[in-house]
**Q** 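The structure's right below; bear with me while I get my questions together.
First listed ligand is number 1; within each ligand, the first listed atom is number 1. We count residues from 1, following the sequence as given.
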Amino acid sequence: MQPTPIGIDALAFAGPAHFLEMTDLAAARGVDPGKYLHGLGQKQMAIATPCEDTVTMAAEAGRRALEAFDIDPAQIGTLIVGTETGVDHSKPVAVYVHELLGLARNCRTFETKHACYGAMAGLTSSADWIAAGRARGRKALVIASDIARYGLNTPGEPTQGAGAVAMVVADRPRLLEIDRARCGDYTRQVMDFWRPLYSKYAFADGHYSIQCYLDALEGAWHDAADGDPEALASDRLAACLYHVPFVKMARKAHQKLLEIEHGDAAATDQTEARARLDASFAGKVAPWLELNATVGNIYTGSLFLALIDLLRHGRADLEGRELSLFSYGSGCGATFCLGRVAEGASRHAAALDPQPQLDVRRRLDIAAYERIMDLSEDVDTVPELDPASYGLDGGGLYYVGTREHVRRYARA
Ligand code: CAA
């Protein structure tokens with residue numbers, strides 16, 4: 001008898017109200033725009049004002065996922081927020097979200113941290129929680145929420161962004177089944193990207209971090225293959241989704257995947273390897289990178305933003321087809337796994353498409369962007385913040401300052 005499928009039953013994105021054009025950043029930094037647009041593959045990046053933080057984005061994404069997929073908050077038995085950008089050394093972002101979404105008292109709630117890997121850890125743990133029979137018919141809500149901030153005039157500056165992806169994990173999922181027998185893991189202590197307790201900004205050994213990512217892909221892939229590489233053969237997959245700190249990274253990852261499958265290009269015919277990469281990338285990776293290119297790096301949610309992009313196409317021909325997912329968190333930890341697009345998933349394309357939100361974002365000029373970056377440094381100790389002063393006059397939930405060491409949130 002086939003085990004009951006478990007996977008992603010609902011998905012939603014929420015992000016900041018403002019963005020920066022990469023061409024504006026390039027002009028301000030005296031860099032050829034081709035480097036950001038084509039070298040990194042980015043068009044825009046979302047910028048969080050001081051009133052938009054990990055909690056507000058996570059709560060908004062969670063609310064949208066529950067509402068759009070008609071899920072009663074009382075059905076949620078586990079809430080996990082994966083984040084690199086926690087707001088407290090002790091108190092998890094998840095417990096604020098638990099209150100804001102009105103979840104049940106017997107809902108198990110916690111935060112996971114491993115750079116960009118926290119949400120994948122939450123997804124696989126939630127699937128195991130359901131498979132183990134602990135859920136008692138309930139679902140898990142896993143939310144990735146992050147602000148990627150490297151600082152002004154740093155090499156990482158063009159790879160910033162902000163946003164949250166919420167996913168409900170359940171049995172008989174409406175969107176994506178996770179193949180728990182084909183999940184492979186990788187861990188290795190490396191200093192490729194980290195953020196000390198005293199710093200708002202990430203430190204990164206950029207080129208080394210790319211190498212660490214590719215090594216982790218190879219390690220996790222071999223673990224998932226478990227001696228049977230044919231089980232993972234990308235030829236028969238409908239799509240290959242990756243962690244996307246910047247769009248070009250997905251191409252580097254896919255190149256690595258094909259090298260793992262077919263051997264190093266240096267050892268084979270380079271023209272043939274290049275043609276194979278171009279065709280495979282164009283068919284299985286590139287079509288689902290538009291959201292990553294316009295939102296930027298959202299750390300732990302970026303893999304799942306690519307999944308939203310795939311599903312929002314509403315392609316009925318992808319239903320029943322397998323795809324691969326690769327999550328990488330610096331430091332480092334990674335998982336490579338297979339999933340299957342659920343029958344009927346294409347009917348939910350409009351419900352999970354964040355394009356209407358993205359269409360009403362406002363463009364920042366460089367001066368406003370730099371002012372926001374400066375103000376964000378002290379945001380945890382400011383007693384009073386006015387969302388309207390940052391152009392946030394919508395009906396959203398905002399961080400409005402810290403008084404007597406307590407963070408306060410309010411609806412505009
Ligand atoms: N036109 C077109 N392309 C151009 C160009 C131009 N005018 N100028 C440069 N390029 C190309 C380069 O050839 C290069 O392409 P390839 O990688 O294919 O060779 C690309 O643009 C980038 O150029 P550089 O390597 O010279 O750029 P850089 O030295 O400024 O650094 C970076 C790039 C390392 C990604 C840097 O932005 C960085 O440190 N980012 C943060 C770290 C990061 O994102 N790491 C990713 C792996 S770790 C991870 O995934 C976890 C996470 O989320 C942080």
**Q** Are more than 12 heavy atoms from other residues, nucleotides or ligands located less than 6.0 Å from atom CG of Asn153?
**A**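 Atom CG in Asn153 is crowded, with more than 12 foreign heavy atoms closer than 6.0 Å.
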
**Q** Starting from atom 21 (O) of ligand 1, locate the nearest protein heavy atom and write down its residue, its atom name and how far away it is, to 0.1 Å.
**A**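 Looking at atom 21 (O) of ligand 1, the protein heavy atom closest to it is Gly39 CA, 3.0 Å.
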
**Q** Any nitrogen or oxygen of His38, main chain or side chain, under 3.5 Å from a nitrogen or oxygen of ligand 1?
**A** no

**Q** Evaluate the criterion salt bridge (Lys or Arg N to Asp or Glu O under 4.0 Å) for residue pair Glu370 and Arg29; output intermediate values, then yes/no.
**A** CA-CA 12 Å; Glu370 293 189 343; Arg29 300 293 174 253; 2.8 Å; yes

**Q** Checking side-chain polar atoms at under 3.5 Å, does Asp380 have a donor or acceptor matched by the opposite partner on Thr402?
**A**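 Short answer, no.
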
**Q** Below 3.5 angstrom, do we get any N/O pair linking His207 and ligand 1?
**A**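 Between His207 and ligand 1, an N or O pair is found under 3.5 Å apart.
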
**Q** Establish, yes or no, whether a centroid distance under 6.0 Å links the rings of Phe193 and Tyr299.
**A**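 Yes, they do, as the ring centres are separated by less than 6.0 Å.
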
**Q** With a 4.0 Å cut-off, would you call Lys139 and Asp171 a salt bridge?
**A** no

**Q** Among all the protein's heavy atoms, is there at least one whose distance to atom 32 (C) of ligand 1 comes out below 4.0 Å?
**A** no

**Q** For Arg347, I'd like to know if atom CZ has over 12 heavy atoms of other residues, nucleotides or ligands within 6.0 Å.
**A**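 Check fails, neighbour count at 12 or below.
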
**Q** For Tyr299, is at least one N or O under 3.5 Å away from an N or O on ligand 1?
**A**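 In fact, backbone or side chain, Tyr299 has no N or O that close.
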
**Q** Could an N or O of ligand 1 be found under 3.5 Å from any N or O of Phe193, whether backbone or side chain?
**A**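 No, there is no polar N/O contact under 3.5 Å.
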
**Q** What atoms in ligand 1 come closer than 4.0 Å to a heavy atom of Asn297?
**A** 53 (O)

**Q** Geometry only, no angles: is Tyr213 polar-contacting ligand 1 at N/O separations under 3.5 Å?
**A**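 Among all N and O atoms of Tyr213, none is under 3.5 Å from an N or O of ligand 1.
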
**Q** Hey, which atoms in ligand 1 end up nearer than 4.0 Å to a heavy atom of Gly34?
**A**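 Near Gly34, the atoms of ligand 1 are 1 (N), 2 (C), 3 (N), 6 (C).
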
**Q** Using a 3.5 Å cut-off on N or O atoms only, is Tyr328 in polar contact with ligand 1?
**A**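 No; every N/O pair is 3.5 Å or more apart.
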
**Q** Is there a side-chain contact between Arg236 and Glu322 in this structure, where contact means two heavy atoms from C-beta onward sitting under 4.5 Å apart?
**A** yes

**Q** Against ligand 1, does Glu157 come closer than 4.0 Å with any heavy atom?
**A**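 Heavy atoms of Glu157 never come under 4.0 Å of ligand 1.
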
**Q** Just checking, is any N or O donor in the side chain of Glu218 or Tyr186 under 3.5 Å from an acceptor N or O on the other one?
**A** no

**Q** Please tell me if atom 12 (C) of ligand 1 is touched by the protein, where touching means a protein heavy-atom distance below 4.0 Å.
**A**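 Within 4.0 Å of atom 12 (C) of ligand 1, no protein heavy atoms are found.
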
**Q** Answer yes or no: does an N/O atom from Ser330 fall short of 3.5 Å to an N/O atom of ligand 1?
**A**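 For ligand 1, there is no N or O atom that lies under 3.5 Å from one belonging to Ser330.
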
